[in-house]
S.K.: 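Before we start, here is the structure in question, set down as structure tokens.
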Amino acid sequence: MRRHQATQAVHELGRILRAASAYYVKPRVTADGARMACQFPPGAIRTTLAPSCCDARVNDGDGNCDPGRIEWNRGLWNAMRFEVREPQPFVYEYEGGGTFGAARMTATAYGDLDCDGIRSTFRFRLKGDARARPDDCVLDVEPEFEATGVGE
């Protein structure tokens, strides 16, 4: 079961990573027609302010976050077209900022898989590409992956 849950978290983080990467490379312009800088969606957001899916504010007693109790139509989730439609034990968090080669993004999944207060954490980090220019938002870099508390 834990392996399935970990796979689920990594899958959803991969969706966030791909969405943020697409945002970085997609040409965008300002209201006056100037080309915008290459960047990941700027800002920070969590699926819920609850510390885990064990919190009664986000679940119906089964230890999984209920997608119906999460506001998906919010700024950054909407910009990345990210939404989880199935109950699962992870709270997702996204942070992004900077431009061109100094751009950074982090996508994290926190899960207290048996509601004992011990969290498993999965995280992807991605940096902007040093070769990115206003007329070519190239992104050819490898993300970093980290997992902590898994199997505890």
Side-chain angles (χ1 to χ4, degrees), residues 1-26 28 37-132 136-152:
M1 180 60 134
R2 287 184 191 266
R3 182 178 294 164
H4 171 72
Q5 291 168 324
T7 301
Q8 189 176 22
V10 172
H11 171 77
E12 298 302 342
L13 288 175
R15 288 181 52 221
I16 295 170
L17 182 72
R18 286 187 299 278
S21 297
Y23 187 98
Y24 182 94
V25 301
K26 185 176 181 180
R28 292 178 314 283
C38 309
Q39 64 183 4
F40 299 112
I45 194 167
R46 285 176 58 103
T47 51
T48 177
L49 295 179
S52 77
C53 291
C54 299
D55 191 303
R57 293 177 285 178
V58 293
N59 78 49
D60 58 9
D62 64 359
N64 288 318
C65 281
D66 179 355
R69 295 184 184 191
I70 307 293
E71 291 183 46
W72 294 110
N73 194 20
R74 292 174 33 209
L76 289 170
W77 294 137
N78 202 19
M80 292 186 285
R81 294 177 176 87
F82 180 76
E83 178 179 356
V84 177
R85 295 176 187 230
E86 301 166 1
Q88 63 177 291
F90 294 95
V91 172
Y92 294 95
E93 179 178 84
Y94 169 85
E95 294 180 55
T99 59
F100 300 105
R104 303 285 183 268
M105 64 81 51
T106 303
T108 308
Y110 301 104
D112 183 351
L113 303 179
D114 52 8
C115 295
D116 64 357
I118 299 172
R119 288 194 321 186
S120 295
T121 303
F122 301 90
R123 181 174 290 124
F124 275 114
R125 289 187 179 94
L126 186 60
K127 300 175 183 177
D129 198 313
R131 297 172 297 149
D136 186 13
C137 291
V138 63
L139 185 61
D140 186 23
V141 294
E142 292 291 322
E144 299 172 16
F145 178 72
E146 168 189 357
T148 57
V150 180
E152 292 180 3

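Index from 1, following the sequence.
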S.K.: Kindly compute the distance separating CG (Asp136) from SG (Cys38), expressed to the nearest 0.5 Å.
M.R.: 7.5 Å
S.K.: Is it true that a side-chain atom of Arg57 and a backbone atom of Arg69 form a donor plus acceptor pair closer than 3.5 Å?
M.R.: no
S.K.: How close do Tyr23 and Gln39 get, heavy atom to heavy atom, and via which atoms?
M.R.: CD2-O, 3.2 Å
S.K.: A side-chain contact here means heavy atoms from C-beta on lying under 4.5 Å apart; do Cys65 and Thr47 qualify?
M.R.: no
S.K.: Who pairs with Tyr24 by ring pair (Phe, Tyr, Trp, His ring centres under 6.0 Å), at least two apart in sequence or on another chain?
M.R.: Phe40
S.K.: May I ask you to check whether over 12 heavy atoms, not counting those of Arg81, lie within 6.0 Å of atom CZ?
M.R.: no
S.K.: Check Val91 against Ala50 and note the closest heavy-atom contact, atom names and distance.
M.R.: CG2-O, 4.1 Å
S.K.: If you round to the nearest 0.5 Å, how far is CG of Asp114 from SG of Cys54?
M.R.: 8.0 Å
S.K.: Please name the residue in the list His11, Glu12, Gln5 that meets the side chain to side chain contact (heavy atoms under 4.5 Å, CB included) test with Gln88.
M.R.: Glu12
S.K.: Suppose we screen for salt bridge (charged side-chain N to carboxylate O under 4.0 Å, His left out). Which residues come up paired with Arg125, at least two apart in sequence or across chains?
M.R.: Glu146
S.K.: Taking atom CD1 of Ile70 and atom CZ of Arg46, what is their separation to the nearest 0.5 Å?
M.R.: 10.0 Å
S.K.: Ala132 and Cys137: which non-hydrogen atoms are nearest, and at how many Å?
M.R.: CB-CA, 4.4 Å
S.K.: Looking only at heavy atoms, what is the nearest atom pair of Val58 and Ser52, with distance?
M.R.: CG2-O, 3.8 Å
S.K.: Are the side chains of Asp55 and Thr48 in touch, meaning some heavy atoms are under 4.5 Å apart?
M.R.: no
S.K.: For the residue pair Trp72 and Phe82, categorise the inter-ring angle as parallel (less than 30°), tilted (30 to 60°) or perpendicular (more than 60°).
M.R.: perpendicular
S.K.: Rounded to the nearest 0.5 Å, what separates atom CG in Leu13 from atom OG1 in Thr106?
M.R.: 11.0 Å
S.K.: So how far is it from Met80 CE to Arg15 CZ, rounded to the nearest 0.5 Å?
M.R.: 10.5 Å
S.K.: Is there side-chain contact between Ser120 and Phe122, with heavy atoms separated by less than 4.5 Å?
M.R.: yes
S.K.: So do the side chains of Trp77 and Glu83 get within less than 4.5 Å of each other, counting heavy atoms only?
M.R.: no
S.K.: Nearest 0.5 Å, what's the CD-CZ distance between Glu95 and Arg123?
M.R.: 8.5 Å
S.K.: Taking the side chain as C-beta and beyond, is there a heavy-atom pair between Asn59 and Asn64 under 4.5 Å?
M.R.: no
S.K.: Begin with the C-alpha distance, continue with both residues' side-chain angles, and end with the deciding distance and a verdict on side-chain contact (heavy atoms from CB on, under 4.5 Å) for Leu17 and Met105.
M.R.: CA-CA 8 Å; Leu17 182 72; Met105 64 81 51; 3.7 Å; yes
S.K.: Check step by step if side-chain hydrogen bond (donor to acceptor under 3.5 Å, both in side chains) holds for Asn73 and Asn78.
M.R.: CA-CA 6 Å; Asn73 194 20; Asn78 202 19; 3.3 Å; yes
S.K.: Does a side-chain heavy-atom distance below 4.5 Å link Tyr92 with Ile45?
M.R.: no
S.K.: What are the two closest heavy atoms between Val138 and Asp129, and how far apart are they?
M.R.: O-CB, 3.2 Å
S.K.: So, for Ala109 and Ala9, which heavy atoms are closest and what is the spacing to 0.1 Å?
M.R.: CB-CB, 4.0 Å
S.K.: Within the 4.5 Å heavy-atom criterion, are Pro89 and Asp112 side-chain neighbours or not?
M.R.: no
S.K.: Considering only heavy atoms from C-beta outward, does the side chain of Tyr110 approach that of Glu93 to under 4.5 Å?
M.R.: yes
S.K.: Is a side-chain donor or acceptor of Arg28 paired with a backbone partner of Val25 at a separation under 3.5 angstrom?
M.R.: no
